[in-house]
Amino acid sequence: MHICVLGQGYVGLPLAVRAAEAGHSVTGYEPDRSRCERLAAGSSYVEDIESIRLQTVLGSGGYTATSDPQDLKGFDVAVITVPTPLTDRAPDLSCVRDAGRVLAAWIEPGATVVLESTTHPGTTRDVLVPLLEEGSGLVAGRDFHVGFSPERIDPGNADWRLENTPKIVAGLTDDCLRHVKAFYDTVTDVTVPASGLEEAELAKVFENTYRHVNIALVNELSRMAHTLGVDVWHTLELAATKPFGFTKFLPGPGVGGHCLPIDPVYLSHHVKARHGQTFRLIELAQDINESQPDYVVRRLQDALSRRFRRSVHGARVLALGAAYKPGTADARQSPAVEVIERLRAMGADVTVVDPYLPVADGSCPEIPFAVAEQGVRVADFDAVVLLTPHGEFDLEQLAAEAAYVLDTRGVMAAAPHIERL
């Protein structure tokens, strides 16, 4: 089939490459021309897709990157994988609308359009379908097929990839569902049919709301345990020995990435805007997790004052990790970035090391500061704050050389000069 994937980011590029490997003829539509040129040259900027893998599908002719909407002509299946960010703390569906308008001009009878972008229930039916119908002059569910299949990409996860992660599929009608499922059956091992579009849309935002709320719970627990003088990390290990009714979540400097800081807001904002009801648990979890970077800074401030009788202002601080999770360069919504920025605003002299991010100033839009090369002398710093525990960091050397470490991820053994959050 001729497959078009609109958006070639963390979600769209893995899908496009996987579809090409499955034997489809794939057009990867990317309106950012600089990105498109990199893809056409066989250079991947998405770490889950190695450049050699991209070069293979380019060489076979199975994949083409383009910024020209005319290349969408004649598609059998088009998948929209564009960002759905927050603007002024409100859902921003402008990219979905833009993609729908671009796509509508090329819909032919019998074609299938699938939305993968995370959003609130009702988006596919109430926002996307009218745009597709207006631009094509065709009727969804009768002349062409429409579906929703939430992305479940976890950047840097080598165990759960696109092809072996169960894929929820939904359709506007039963026939739409059949066509959507038929496509995803060719690129994933397991498809899970949903009874309706809204159920699939809600399932996606709930998956991440579940994680968001539970992370907020353990973040709040860690603050309380610190006040009580209790080791929260050992407490969680003890609780995790229960073989039923408990799932282990861990504290940290906050939540980041393309889902957790955003998806719950989509759900709570939609419920409030449409029905005037407040999703209180989501809003409370949001408050807790958004305040966690400030809590990390306060803990470091207290430690500097208590141990060295000095303030954050002028202190030499080594920040290890700026990505939102280990083993990835993804810094979108990273709480580590917020911690670093707050320390800098307070006058700290902060050196940032992250082996996954480019050693440059301003080259990564999510990183508003310079990233230093590895190999800095730990002993030159008043304090180290471990924000993202990449495997490349030598924790034994860090423990031996650092004057003080604030470990926000609980990966180091507690010691007189090592505090865990």
Side-chain angles (χ1 to χ4, degrees), residues 4-7 9 11-12 15 29-31 69 72 75 77-108 111-152 167-177 179-180 183-184 194-209 258-259 261-277 279 282:
C4 292
V5 181
L6 285 75
V11 176
L15 176 62
Y29 178 74
E30 176 51 62
L72 302 174
F75 72 83
V77 177
V79 185
I80 298 172
T81 62
V82 297
T84 48
L86 297 176
T87 300
D88 297 328
R89 297 187 61 83
D92 183 353
L93 296 176
S94 59
C95 292
V96 172
R97 291 189 175 94
D98 290 344
R101 293 187 187 101
V102 168
L103 199 57
W106 308 105
I107 297 177
E108 297 178 0
T112 300
V113 177
V114 184
L115 178 63
E116 279 208 12
S117 304
T118 302
T119 184
H120 55 71
T123 300
T124 307
R125 188 187 306 274
D126 300 334
V127 177
L128 182 60
V129 166
L131 289 172
L132 298 177
E133 291 182 330
E134 180 182 358
S136 67
L138 302 174
V139 177
R142 186 192 71 186
D143 302 322
F144 65 97
H145 313 289
V146 177
F148 178 79
S149 181
E151 61 87 5
R152 280 175 164 171
K167 197 79 168 76
I168 296 174
V169 291
L172 183 65
T173 66
D174 289 344
D175 196 37
C176 290
L177 173 59
H179 281 81
V180 172
F183 163 63
Y184 283 104
S195 61
L197 295 170
E198 288 75 16
E199 285 77 10
E201 291 166 330
L202 182 57
K204 168 59 181 176
V205 289
F206 179 70
E207 290 171 12
N208 288 316
T209 297
H258 64 304
C259 288
I262 295 175
D263 294 2
V265 178
Y266 263 74
L267 182 56
S268 62
H269 186 278
H270 179 67
V271 171
K272 196 168 191 176
R274 279 288 183 93
H275 306 288
Q277 297 182 19
F279 207 138
I282 289 180

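The model shown is predicted, which means the values in this text are computed figures rather than measured ones.
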Colleague: May I ask you to check whether Thr173 and Asp175 show a side-chain donor-acceptor distance below 3.5 Å?
Modeller: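 Thr173 vs Asp175: no donor-acceptor pair found between side chains.
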Colleague: Examine distances only and state if a side-chain atom of Thr81 and a backbone atom of Leu6 form a donor-acceptor pair shorter than 3.5 Å.
Modeller: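 Checking the backbone N and O of Leu6 against the side chain of Thr81, a donor-acceptor pair under 3.5 Å is found.
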Colleague: Would Phe148 and Glu199 count as a side-chain contact (heavy atoms from CB on, under 4.5 Å) if you check the C-alpha gap in whole Å, the side-chain angles of each, and the deciding distance to 0.1 Å?
Modeller: CA-CA 10 Å; Phe148 178 79; Glu199 285 77 10; over 6 Å; no
Colleague: For residues Ile107 and Ser136, report the shortest heavy-atom separation together with the two atoms involved.
Modeller: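 In terms of heavy atoms, the two residues are closest at CB-CB, 4.1 Å.
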Colleague: Begin with the C-alpha distance, continue with both residues' side-chain angles, and end with the deciding distance and a verdict on side-chain contact (heavy atoms from CB on, under 4.5 Å) for His179 and Val77.
Modeller: CA-CA 9 Å; His179 281 81; Val77 177; over 6 Å; no
Colleague: Distance check, rounded to the nearest 0.5 Å: Asp126 atom CG versus Leu93 atom CG?
Modeller: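 So the gap between those two atoms works out to 11.0 Å.
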Colleague: Shortest non-hydrogen contact from Ala200 to Pro150?
Modeller: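 Answer, listing the atom of Ala200 first, then Pro150: O-CG, 4.0 Å.
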Colleague: Nearest 0.5 angstrom please: Tyr184 OH to Glu116 CD, how far?
Modeller: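 Output value for this atom pair is 3.5 Å.
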Colleague: Distance alone, cut at 3.5 Å: any donor-acceptor contact between the side chains of Glu201 and Thr124?
Modeller: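 Short answer, yes.
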Colleague: Do any N or O atoms from the side chain of Thr112 and from the backbone of Val180 form a donor-acceptor pair under 3.5 angstrom?
Modeller: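 Not a single qualifying donor-acceptor pair exists.
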Colleague: If you look at every heavy atom in Ile168 and Ala194, which pair is closest and at what distance?
Modeller: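 It is CG2-CB, 4.2 Å.
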Colleague: If we ignore hydrogens and angles and just use 3.5 Å, is the side chain of Lys204 paired with the main-chain N or O of Glu151 as donor and acceptor?
Modeller: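 Between the backbone of Glu151 and the side chain of Lys204 there is a qualifying donor-acceptor contact (under 3.5 Å).
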Colleague: Applying the side chain to side chain contact (heavy atoms under 4.5 Å, CB included) test to Tyr29, which of Ile80, Val102, Leu103 qualifies?
Modeller: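 So, applying the side chain to side chain contact (heavy atoms under 4.5 Å, CB included) to Tyr29 and each of Ile80, Val102, Leu103, only Val102 qualifies.
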Colleague: What distance separates Asp92 CG from Thr119 OG1, expressed to the nearest 0.5 Å?
Modeller: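 The OG1 atom of Thr119 is 10.5 Å from CG of Asp92, to the nearest 0.5 Å.
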Colleague: Stepwise, does the side-chain contact (heavy atoms from CB on, under 4.5 Å) test hold for His269 with His120?
Modeller: CA-CA 9 Å; His269 186 278; His120 55 71; over 6 Å; no
Colleague: Show, in sequence, the C-alpha distance, side-chain angles and deciding distance for Leu172 and His145, and conclude whether the side-chain contact (heavy atoms from CB on, under 4.5 Å) test is met.
Modeller: CA-CA 7 Å; Leu172 183 65; His145 313 289; over 6 Å; no
Colleague: For the atom pair CZ (Arg101) and CG (Leu128), what is the distance rounded to the nearest 0.5 Å?
Modeller: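 Going from CZ on Arg101 over to CG on Leu128, the span is 10.5 Å.
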